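What you see is a predicted model; the values in this text were computed from it and never measured. Chain naming here is simple, since letters A, B, ... match the order of the sequence lines and numbering starts at 1 in each.
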2 protein chains.
Amino acid sequence: MTDSAEGLDEIDRTLVRELVADGRATLAELAAVTGLSVSAVQSRVRRLESRGVVAGYSARVDPEAFGHMLSAFVAITPLDPSQPDDAPARLEHIAEIEACFSVAGEESYILFVRVESPRALEGLLQQIRTAANVRTRSTIILNTFYSDRVHLP
Amino acid sequence: MTDSAEGLDEIDRTLVRELVADGRATLAELAAVTGLSVSAVQSRVRRLESRGVVAGYSARVDPEAFGHMLSAFVAITPLDPSQPDDAPARLEHIAEIEACFSVAGEESYILFVRVESPRALEGLLQQIRTAANVRTRSTIILNTFYSDRVHLP
DNA sequence: AATGAAATTCAAGGGAT
DNA sequence: ATCCCTTGAATTTCATT
């Protein structure tokens, strides 16, 4: 694997910061911010993309605009340690699960989920427990102060 | 507040799904996927944006390309309940903190952090404890099976 | 949904460090 | 070698109809 972050200069960091803030920023806008020409910016952005520093572009969706008003962390623990532990695969089809991590803590996995309501969370937890044969411990999110911030080297 | 998700038809969902997968998809590409004309797609995308369903666009950055190989959840609890609790504000300047939620659980807040190494995490935790006068409980992430999935109604 | 004008992206060639 | 700039052509976006 190539050391992709090596040789990231201040201009590259500016470009990445700008593209995180606005993934559809035009090359002309990026040129204005950095003081470079459009084509210089273009080749730098392409280099960032091919190095994998910029892995892609995505629309930011507001979950509350869909009525998904409740989000929570759900920590899960397999109930039967003798069974093969394939919880992530068994849960992948559940759309309400936005993220799935395995962790080194008291529990085995942490899920990040979004639902409409407390009632919907109850249903989701039952679905999770039966799909993966796990115990769940939920932590409701009250307020998101900030999220998805990026910090560059 | 307007019920922004109301009247999202199958075509809108396709557009959103496509834009989440590729935030720089052109109107022509979106037109091909949906079977609509370019200008019909243009007005639909604009409507999704002005409704706030699509809140913006962003570059996806790969933290590991920067050498940020370790991520963790850090749950924090204020040590002095008599002091005003402004932990999120006191922690906002710390770049390694990618997200900050207040939660209804045993602890008050959960942070999502990224660092280079276990050593760097040690330093970050000390910084968090002194900046916000809190106790910390960390859960190291071993593997990210999936994240940032979006589920549409 | 189609059209034409403006803006943007792209590839090629040349010059400076 | 690498980085940057200019130019002209192809593509994309945008406003009007």
Side-chain angles (χ1 to χ4, degrees), chain A residues 1-63 65-66 148 150-153, chain B residues 2 4-68 116 148 150 152:
Chain A
M1 155 165 175
T2 72
D3 195 348
S4 337
E6 212 48 58
L8 268 203
D9 63 11
E10 186 51 37
I11 293 178
D12 287 326
R13 281 192 289 272
T14 301
L15 291 173
V16 173
R17 230 181 292 116
E18 214 64 30
L19 284 171
V20 168
D22 177 9
R24 298 200 75 135
T26 66
L27 298 176
E29 288 168 339
L30 298 173
V33 172
T34 55
L36 296 186
S37 73
V38 167
S39 55
V41 167
Q42 178 171 230
S43 58
R44 272 179 183 265
V45 170
R46 270 214 281 260
R47 201 167 43 127
L48 290 168
E49 290 168 353
S50 61
R51 279 181 173 186
V53 174
V54 170
Y57 301 89
S58 183
R60 272 194 302 271
V61 169
D62 177 9
F66 289 136
D148 294 312
V150 173
H151 99 274
L152 310 179
Chain B
T2 70
S4 337
E6 213 48 57
L8 269 203
D9 61 13
E10 187 49 37
I11 292 177
D12 287 327
R13 281 192 289 274
T14 300
L15 291 173
V16 172
R17 232 181 293 118
E18 214 63 31
L19 285 171
V20 168
D22 177 8
R24 300 199 75 136
T26 66
L27 298 176
E29 288 167 341
L30 298 174
V33 172
T34 55
L36 296 185
S37 73
V38 167
S39 52
V41 168
Q42 178 170 236
S43 59
R44 273 184 185 259
V45 171
R46 270 214 280 260
R47 198 162 44 109
L48 291 168
E49 289 168 351
S50 63
R51 277 181 173 186
V53 174
V54 171
Y57 300 88
S58 183
R60 274 193 302 272
V61 169
D62 177 9
E64 304 204 349
F66 289 135
H68 296 156
E116 263 190 48
D148 295 312
V150 172
L152 310 179

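With values rounded to the nearest 0.5 angstrom, B:His68 atom NE2 is found 3.5 Å from A:His151 atom NE2. Annotation: the span from A:Leu36 atom CG to A:Leu27 atom CG amounts to 11.5 Å, rounded to 0.5 Å. The line from CZ of B:Arg44 to CG of B:Leu15 is 6.5 Å long, rounded to the nearest 0.5 Å.
Of all the heavy atoms in A:Arg60 and B:Tyr57, the pair that sits closest is NH1-O, 3.2 Å. Residues B:Val150 and B:Leu152 come closest through the heavy atom pair CG1-CD2, 3.6 Å. Annotation for A:Val38 and A:Ala28: closest pair CG2-CA, 4.0 Å, computed over non-hydrogen atoms. The minimum heavy-atom distance between A:Val53 and B:Ala65, with the atom names listed, is CA-CB, 4.0 Å.
Atoms CG (A:Leu48) and P (D:dC3) sit 11 Å apart, rounded to a whole Å. In this structure, CZ of A:Arg46 is placed 16 Å from P of D:dT2, rounded to the nearest angstrom. Here the C1' atom of nucleotide D:dC14 and the CZ atom of B:Arg44 are 19 Å apart, to the nearest Å.
If you walk DNA chain C from 5' to 3' and mark each nucleotide with an atom closer than 4.0 Å to a heavy atom of chain B, the marks span C:dA1 to C:dT9.
When the salt bridge (Lys or Arg N to Asp or Glu O under 4.0 Å) test is applied to A:Arg47, the partners found at least two apart in sequence or on another chain are A:Asp12. Residues that satisfy the salt bridge (Lys or Arg N to Asp or Glu O under 4.0 Å) test with A:Arg13, not counting sequence neighbours, are A:Glu10. Under the side-chain contact (heavy atoms from CB on, under 4.5 Å) criterion, A:Ser37 pairs with A:Ser39, A:Ala40, sequence neighbours left out.
OP1 or OP2 of D:dC3 lies within a sub-4.0 Å distance of a side-chain N or O belonging to A:Arg47. Contact check, B:Gln42 against D:dT13: no side-chain N or O comes under 4.0 Å of OP1 or OP2.
Against DNA chain D, the stretch residues 29-40 of chain A makes heavy-atom approaches under 4.0 Å through A:Leu36, A:Ser37, A:Ser39, A:Ala40. For DNA chain D, no neighbouring residue in residues 9-19 of chain B is found when judged by any heavy atom under 4.0 Å.
Side chain of A:Ser58 to main chain of B:Val20: a donor-acceptor pair is present (N/O by atom type, distance under 3.5 Å, no hydrogens or angles).
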